[in-house]
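Just the heavy atoms: all of them, side chains too, but no hydrogens, waters or symmetry mates, feed the values below.
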Amino acid sequence: MIRHSQRNVAPLSSIPDSVEVLKWEIDTLKKMMAQIQAHGKAVPKDIAAHQSGMIERYQKLQFYLKEGGKGARMAHVQRLESAVPLYLAHAKEALQAGSKDKAAMFMNKKKLVESEIASMKR
């Protein structure tokens, strides 16, 4: 059975990459990995692979924005502007599902994207 909210919110994979969100996610993963290692455990391969994937996406996006010039930055801003309502929708969905922490995470990502948009428009 498909839940009502699943039909109304675009999948997370449809949200475009943001430099600031990727940096935040990489930092969050680094902290998680440090906590795991501090407890004398090995970092699970899926977490390490996820971090590597995030770093690669971050580097590719940085390269695209640097080498693509003004046109690439303008296109990136347009994609980011489309991400703002998606993050808001995911936050609302998480809140309705009773997940305040997840909702707060989506709102934080929304703020990061809005900040990135503002800085790129300067």
Side-chain angles (χ1 to χ4, degrees):
M1 183 170 129
I2 296 176
R3 291 187 340 224
H4 175 72
S5 61
Q6 288 176 327
R7 287 182 277 147
N8 293 328
V9 179
L12 290 174
S13 61
S14 69
I15 298 176
D17 281 337
S18 153
V19 171
E20 294 303 317
V21 171
L22 286 170
K23 284 193 315 191
W24 178 81
E25 289 180 350
I26 290 165
D27 187 51
T28 300
L29 285 168
K30 281 182 186 177
K31 289 175 185 175
M32 180 190 303
M33 292 167 68
Q35 286 180 337
I36 291 169
Q37 290 172 330
H39 286 82
K41 297 180 182 177
V43 174
K45 289 181 182 179
D46 62 329
I47 294 175
H50 186 62
Q51 184 196 32
S52 294
M54 289 287 173
I55 292 169
E56 184 177 334
R57 286 168 51 193
Y58 172 78
Q59 290 170 339
K60 284 181 180 180
L61 181 56
Q62 285 285 70
F63 180 80
Y64 166 76
L65 293 172
K66 181 180 177 186
E67 298 299 318
K70 186 176 181 176
R73 289 189 299 278
M74 289 174 57
H76 182 63
V77 167
Q78 287 179 328
R79 284 191 300 275
L80 290 178
E81 287 171 338
S82 74
V84 172
L86 297 175
Y87 279 124
L88 184 59
H90 280 282
K92 287 179 181 179
E93 179 185 57
L95 199 55
Q96 289 172 348
S99 181
K100 290 181 183 179
D101 289 343
K102 196 171 186 178
M105 176 206 52
F106 284 121
M107 290 305 292
N108 183 50
K109 287 181 178 184
K110 176 183 164 287
K111 288 177 186 175
L112 289 169
V113 168
E114 289 170 334
S115 173
E116 185 173 341
I117 290 169
S119 71
M120 292 192 80
K121 285 185 171 181
R122 290 184 203 140

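Rounding to the nearest 0.5 angstrom, the gap separating the CE atom in Met54 from the CG atom in Leu29 is 6.5 Å. A distance of 8.0 Å separates CE of Met33 from CD1 of Ile47, quoted to the nearest 0.5 Å. Leu12 contributes atom CG, which lies 8.0 Å from atom OH of Tyr87 (distance to the nearest 0.5 angstrom). Within the model, atoms CG of Leu22 and NZ of Lys109 stand 9.0 Å from one another, a figure rounded to the nearest 0.5 Å.
Few gaps surround CG on Asp46; more than 12 heavy atoms of other groups in view lie less than 6.0 Å from it.
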From CA spacing to verdict: side-chain contact (heavy atoms from CB on, under 4.5 Å), Lys23, Glu20: CA-CA 5 Å; Lys23 284 193 315 191; Glu20 294 303 317; 3.2 Å; yes
How far apart are the C-alpha atoms of Glu114 and Lys111, what are their side-chain angles, what is the distance that settles it, and do they pass the salt bridge (charged side-chain N to carboxylate O under 4.0 Å, His left out) test? CA-CA 5 Å; Glu114 289 170 334; Lys111 288 177 186 175; over 6 Å; no
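Glu116 and His76 are linked by a side-chain donor-acceptor pair at a separation below 3.5 angstrom, with hydrogens and angles left out of the test.
Under the 4.5 Å side-chain contact rule for hydrophobic residues, Tyr58 and Phe63 do not share a cluster. The cluster map of Ile, Leu, Val, Met, Phe, Trp and Tyr, joined by side-chain heavy atoms under 4.5 Å apart, puts Leu95 and Leu88 in different clusters. A continuous path of hydrophobic side-chain contacts links Met105 to Ile15 [ILVMFWY only; heavy atoms under 4.5 Å]. Grouping the Ile, Leu, Val, Met, Phe, Trp and Tyr side chains by contacts below 4.5 angstrom, directly or via other members, places Met74 apart from Val113.
Salt bridge present: Asp27 and Lys31 bring a charged side-chain N and a carboxylate O closer than 4.0 Å.
Here Arg73 pairs with Leu65, Lys70, Met120 under the side chain to side chain contact (heavy atoms under 4.5 Å, CB included) rule; sequence neighbours left out. Not counting sequence neighbours, the partners of Ile55 by the side chain to side chain contact (heavy atoms under 4.5 Å, CB included) test are Ile26, Gln51, Gln59.
Counting only heavy atoms from C-beta outward, the side chains of His90 and Glu93 approach each other to under 4.5 Å.
Ala103 and Ala91 get closest at one heavy-atom pair: CB-O, 3.4 Å. The two residues Ser18 and Leu80 have their closest heavy-atom pair at CB-CD2, 3.6 Å. Of all the heavy atoms in Ser99 and Lys102, the pair that sits closest is OG-CB, 3.0 Å.
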